[in-house]
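Positions are given from 1, in the same order as the sequence printed here.
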Amino acid sequence: MHTSIPSSSGSVNGHVAHVNGSVSRAYSEGGSDSPEVSLGGSQSSAYPANGFTQPPYSNPHNEEIISHLYHAGFQTGHYADTILHVHQNVYHLHAIILSRSPFLAHLMSTSPQVSGQRAIYVHLDQEPEVTEEGFAIALGYLYSAISLNLIRPHNARSVLAAGCLLGGMEDLCGYAYEACRQSISVDTIGNWVEFIDSIPSSSDSATTPDVPKPTIFGLYAQRLKDDVLHFLVDTLPDFLDLRHAPSDRSPAPGSNGRDVLLQVYSRVPFEMFKAAVESPSFRVEDPTGSDQARFKFAKEAVELRKRGIARGSGAEETVVLAFGGGNGGLSSVHITRKMRKRPLWKVNA
């Protein structure tokens, strides 16, 4: 009886329908199969193990291979078969490694190879979030996870963008996203607000209002929006010690916390400003989160926005406090925006 070896869909290096180095043998004598004796200490063997226990494999061979691939393959470009052009940089890389990325695999399969080395071009003119540094870190991740050590708060968003573009990098994207989330602070919230404002929203499309326009960040775009909103509603008031009434809290050193919060909210895009102020979780100068306290803060913020982000937009923002208590637990503070009416000019004939 022959031992069957599963066949591959195609030939593997040097072999047809067999895995490298495997040989199909038959042990038969007199029409009966000889018993197979396992020398690997398998528990399924009918023979005693004779006191022998196979120690766990601990040779760092795989780590050495990966380290060699990263240093000799990615950092120095030895034995490269593919030249990648991106921004103003030229990388000498290896097709078998690049094929881990669906984006690069498609690019290689559709790029003609006219000489010994294949040349591919990555155009990022329409993707400003993908910087040279972020792309290099994501590219290196194809060779080794050591690239994760290069992610910093200042480059995390670019690495996330590059990882989403190249694809097949769930671990890298998750690591970069977490670095992004942790980098949201009082000092960086202005930059994050500008970033959120640049992401297409569902209101930007009149034909499909419920479907946001695609962005390079994919599902991470909405997650980052939610993180920024959570920071504005919950984390920032806590950090500025604005959860309590002015008489109940100690004065914050330096800038007044309320002024800082007003300045931040005066620059927030309208949809996020509306969502934050209308959220019952937004509690400013009142631990109970009263509507009156939020209404007072919102009025001051709207006045600042008229002189800033809302100026020249052709729209007028207003804040309304609803009375009656019939909101079923919903917010009684509402932010509205309507287009200003253009003056009509009478033309005499």
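No side-chain heavy atom of Q75 sits under 4.5 Å from any side-chain heavy atom of Y143. For the pair S99 and M108, the minimum side-chain heavy-atom distance is below 4.5 Å. Residues S281 and V233 form a side-chain contact, since some pair of their non-hydrogen atoms from C-beta on lies under 4.5 Å apart. At a threshold of 4.5 Å between non-hydrogen side-chain atoms, the residues C173 and C164 count as touching. Using a 4.5 Å cut-off on side-chain heavy atoms (C-beta onward), V228 and I189 make contact. Side chains of F103 and V122 form a contact here, defined as non-hydrogen atoms less than 4.5 Å apart. Put simply, the side chain of L165 reaches to within 4.5 Å of the side chain of L124, judged on heavy atoms. Looking only at side-chain heavy atoms (C-beta outward), L104 and L84 come within less than 4.5 Å of each other.
For F217, the ring pair (Phe, Tyr, Trp, His ring centres under 6.0 Å) criterion is met by F195, not counting sequence neighbours. A search for side chain to side chain contact (heavy atoms under 4.5 Å, CB included) contacts involving N191 returns R157, not counting sequence neighbours. Residues satisfying the salt bridge (Lys or Arg N to Asp or Glu O under 4.0 Å) test with K296, not counting sequence neighbours, are none. Take Y175 and apply the ring pair (Phe, Tyr, Trp, His ring centres under 6.0 Å) test, not counting sequence neighbours, and it matches no residue. Scanning for ring pair (Phe, Tyr, Trp, His ring centres under 6.0 Å) contacts around H85 gives Y121, with sequence neighbours left out. Residues that satisfy the ring pair (Phe, Tyr, Trp, His ring centres under 6.0 Å) test with Y220, not counting sequence neighbours, are Y177. T76 pairs by the side chain to side chain contact (heavy atoms under 4.5 Å, CB included) definition with A72, H78, not counting sequence neighbours. Scored by the salt bridge (Lys or Arg N to Asp or Glu O under 4.0 Å) test, R118 finds no partners at all (sequence neighbours excluded). Remark: A138 engages A162, L166, M169, L172 in a side chain to side chain contact (heavy atoms under 4.5 Å, CB included) (not counting sequence neighbours). Contacts of E132 classified as side chain to side chain contact (heavy atoms under 4.5 Å, CB included), with partners at least two apart in sequence or in another chain: H87, N89.
Residues V302 and V320 do not share a hydrophobic cluster, clusters being chains of Ile/Leu/Val/Met/Phe/Trp/Tyr side chains in contact below 4.5 Å. The hydrophobic clustering, which links ILVMFWY residues whose side-chain heavy atoms are closer than 4.5 Å, places I96 and L107 together. Residues I146 and I66 do not share a hydrophobic cluster, defined by chaining ILVMFWY side chains whose heavy atoms lie under 4.5 Å apart.
F239 CZ: 12 or fewer foreign heavy atoms inside a 6.0 Å radius. Counted within 6.0 Å of CG on L150, heavy atoms from surrounding residues, nucleotides or ligands total more than 12; the atom is thus considered enclosed.
Side-chain atoms of E317 never come within 3.5 Å of backbone atoms of I335 as a donor-acceptor pair (strictly under, hydrogens ignored). A donor-acceptor contact shorter than 3.5 Å links the side chain of T188 to the backbone of S185. Using a distance-only test at 3.5 Å, with no hydrogens or angles considered, a donor-acceptor pair links the side chain of D81 to the main chain of A95. Judged by distance alone, with hydrogens and angles left aside, the side-chain atoms of Q117 form no donor-acceptor pair with the main-chain N or O of I83 at under 3.5 Å. With hydrogens and angles disregarded, a donor-acceptor distance shorter than 3.5 Å links the side chain of S266 to the backbone of Q263. With hydrogens and angles disregarded, no donor-acceptor distance shorter than 3.5 Å links the side chain of S101 to the backbone of L98. Within the 3.5 Å criterion, the main-chain N or O of P153 finds no donor-acceptor partner in the side chain of S183.
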When you look at H92 and V90, which way does the side chain to side chain contact (heavy atoms under 4.5 Å, CB included) test go after all the steps? CA-CA 7 Å; H92 296 264; V90 178; 4.2 Å; yes
Check: How far apart are the C-alpha atoms of W192 and C180, what are their side-chain angles, what is the distance that settles it, and do they pass the side chain to side chain contact (heavy atoms under 4.5 Å, CB included) test?
Finding: CA-CA 10 Å; W192 279 106; C180 287; 3.6 Å; yes
Applying side chain to side chain contact (heavy atoms under 4.5 Å, CB included), run through L232 and V264 and close with a yes or a no. CA-CA 9 Å; L232 291 172; V264 170; 3.6 Å; yes
Working for side chain to side chain contact (heavy atoms under 4.5 Å, CB included), residues F297 and R258: CA-CA 9 Å; F297 176 86; R258 182 183 177 85; 4.2 Å; yes
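For the side-chain contact (heavy atoms from CB on, under 4.5 Å) criterion with E300, the lone passing option out of V319, L261, L262, D259 is L262.
Contact detail for G140 and S147: the closest heavy-atom pair is C-OG, 3.2 Å. A pairwise comparison of heavy atoms in K225 and M272 identifies O-CE, 3.7 Å as the closest pair. Between T131 and P128, the shortest heavy-atom distance links the atoms CG2-O, 4.4 Å.
Residue pairs meeting the salt bridge (charged side-chain N to carboxylate O under 4.0 Å, His left out) criterion with at least one member in residues 83-108: none, sequence neighbours excluded. Pairs of residues two or more places apart, or lying in two chains, never qualify as salt bridge (charged side-chain N to carboxylate O under 4.0 Å, His left out) while including a residue from residues 141-155.
Comment: D226 does not engage R223 in a salt bridge, judged by the lack of any side-chain N to carboxylate O separation of less than 4.0 angstrom. Here K274 does not pair with E271 in a salt bridge; the nearest charged N to carboxylate O distance is not below 4.0 Å.
Aromatic ring pairs are classed by plane angle as parallel below 30°, tilted from 30° to 60° and perpendicular above 60°; the pair Y91 and F74 is parallel.
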